[in-house]
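One structure below.
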Amino acid sequence: MKRSEIRENMFKLIFCAEFHSSDELAAQLAAYLEEMPEVSEQEHTYIVEKFEDIKKNITEIDEKINGVAKGWKTDRMGKADLAILRLAVYEMLYEEAIPVKVAINEAVELAKIFGGDDSPAFVNGILAKLV
């Protein structure tokens with residue numbers, strides 16, 4: 001599986017987490033991963049570990065986003081945009097192997113696919129302020 005495909009699946013899991021209680025997340029994660037075609041054990045482990053790490057650090061991630069989002073706090077953002085931003089900020093803060101420019105570019109690409117018309121510019125603007 002390509003890195004961009006893993007990133008897309010991570011986005012979908014983060015998005016899904018917005019609609020389920022913490023008690024339901026483990027079952028939702030398992031169900032999602034079960035439906036993924038051709039995922040290796042290594043990719044499965046990577047996705048689960050990163051998803052858990054994002055959940056663990058969500059408060060700090062949201063604080064970073066809220067610190068630069070003028071007039072758009074996380075509780076007002078669209079769920080797709082927020083999930084994309086959370087993933088990108090996580091990669092920027094915690095994934096040393098991923099260059100910041102790559103994290104931003106990939107987030108903008110996800111916003112083009114899953115966000116609204118203004119999402120790519122919105123996501124890019126927020127992330128650019130974090131650099």
Side-chain angles (χ1 to χ4, degrees):
M1 183 178 293
K2 295 181 198 173
R3 190 96 158 132
S4 59
E5 292 172 320
I6 290 173
R7 187 176 281 109
E8 182 176 322
N9 283 296
M10 292 296 305
F11 154 75
K12 290 175 181 178
L13 286 168
I14 296 165
F15 179 81
C16 179
E18 284 295 303
F19 300 97
H20 297 282
S21 69
S22 57
D23 296 338
E24 298 173 320
L25 280 180
Q28 291 298 320
L29 176 61
Y32 183 84
L33 292 172
E34 190 175 297
E35 295 296 319
M36 284 178 61
E38 301 177 20
V39 61
S40 71
E41 188 174 326
Q42 181 182 2
E43 292 164 338
H44 180 276
T45 301
Y46 177 84
I47 290 169
V48 170
E49 287 175 358
K50 295 307 169 193
F51 179 70
E52 294 297 327
D53 204 29
I54 290 170
K55 282 187 348 185
K56 182 179 81 176
N57 292 294
I58 202 77
T59 301
E60 181 182 354
I61 292 168
D62 284 357
E63 286 173 0
K64 294 285 188 186
I65 295 169
N66 285 328
V68 297
K70 303 291 184 224
W72 284 97
K73 300 303 175 199
T74 54
D75 60 348
R76 289 190 59 220
M77 292 178 187
K79 299 297 185 202
D81 292 347
L82 180 57
I84 293 166
L85 286 168
R86 284 175 169 167
L87 177 57
V89 171
Y90 172 81
E91 290 180 342
M92 292 167 72
L93 294 177
Y94 300 100
E95 291 281 343
E96 293 178 12
I98 300 174
V100 171
K101 289 182 180 182
V102 171
I104 293 171
N105 184 59
E106 291 292 326
V108 171
E109 292 303 314
L110 284 172
K112 288 177 183 176
I113 298 168
F114 296 103
D117 292 340
D118 297 330
S119 293
F122 177 73
V123 166
N124 189 53
I126 297 293
L127 296 175
K129 292 178 183 177
L130 287 171
V131 178

Are side-chain N/O atoms of Tyr90 and Glu60 paired as donor and acceptor at under 3.5 Å?
-> no

With side chain to side chain contact (heavy atoms under 4.5 Å, CB included) as the test, would you mind laying out the steps for Arg3 and Glu106 before giving the verdict?
-> CA-CA 10 Å; Arg3 190 96 158 132; Glu106 291 292 326; over 6 Å; no

To the nearest 0.5 Å, how far apart are OH in Tyr46 and CZ in Phe51?
-> 14.0 Å

So do the side chains of Phe114 and Asp81 get within less than 4.5 Å of each other, counting heavy atoms only?
-> no

Lys/Arg-Asp/Glu bridge criterion (N-O < 4.0 Å) met for Glu109, Lys112 = yes

Which atom names give the shortest non-hydrogen contact between Ala107 and Ile84, and what distance separates them?
-> O-CG2, 3.4 Å

Got a second to check how far Ile113's CD1 is from Ser119's OG, nearest 0.5 Å?
-> 12.0 Å

CD of Glu52 to CD1 of Ile47: how many Å apart, nearest 0.5 Å?
-> 12.5 Å

Is there a side-chain contact between Met92 and Ile104, using heavy atoms and a 4.5 Å cut-off?
-> yes

Path from Val102 to Ile61 over hydrophobic side-chain contacts below 4.5 Å | no

Yes or no on salt bridge (Lys or Arg N to Asp or Glu O under 4.0 Å) for Lys2 and Glu5, after CA distance, side-chain angles and deciding distance?
-> CA-CA 5 Å; Lys2 295 181 198 173; Glu5 292 172 320; 5.5 Å; no

For atom CG of Asn105, is the number of surrounding heavy atoms from other residues, nucleotides or ligands below 6.0 Å larger than 12?
-> yes

Are Ile65 and Met77 side-chain neighbours, meaning at least one heavy-atom pair lies under 4.5 Å?
-> yes

Without swapping roles, check the side chain of Asn66 against the backbone of Thr74 for a donor-acceptor pair under 3.5 Å.
-> yes

Distance (rounded to the nearest 0.5 Å) between Ile14 CD1 and Ile54 CD1 = 3.5 Å

Going by the angle between their ring planes, with limits at 30° and 60°, are Trp72 and Phe122 parallel, tilted or perpendicular?
-> perpendicular

Contact check, side chains of Arg86 and Lys64, non-hydrogen atoms, under 4.5 Å | no

Taking all heavy atoms of Gly116 and all of Pro120, pick out the closest pair and write down the distance.
-> O-CD, 3.6 Å

State, yes or no, whether a side-chain contact exists between Ile98 and Arg7 at a heavy-atom distance under 4.5 Å.
-> yes

Could you check if a side-chain atom of Leu13 sits within less than 4.5 angstrom of a side-chain atom of Leu29, using non-hydrogen atoms only?
-> yes

Does Lys56 pair with Asp53 as a salt bridge, N-O distance under 4.0 Å?
-> yes

Taking all non-hydrogen atoms of both residues, which atom of Phe15 and which atom of Lys79 are closest, and how far apart?
-> CE1-CB, 3.5 Å

Are any side-chain N or O atoms of Glu24 and backbone N or O atoms of Ser21, one a donor and one an acceptor, separated by less than 3.5 Å?
-> yes

Compare all side-chain heavy atoms of Leu87 with those of Leu110 and state whether any distance is below 4.5 angstrom.
-> yes

Between atom CD of Glu43 and atom CE of Met1, what is the distance when rounded to the nearest 0.5 Å?
-> 5.0 Å

So, are Glu95 and Lys50 salt-bridged, with charged N and O less than 4.0 Å apart?
-> yes

Heavy-atom count around Asp75 CG within 6.0 Å, excluding the residue itself: above 12?
-> yes

So CD of Glu91 and CG of Leu127: to nearest 0.5 Å the spacing works out to 10.0 Å

Can you tell me if NZ on Lys73 sees more than 12 non-hydrogen neighbours from other groups inside 6.0 Å?
-> yes

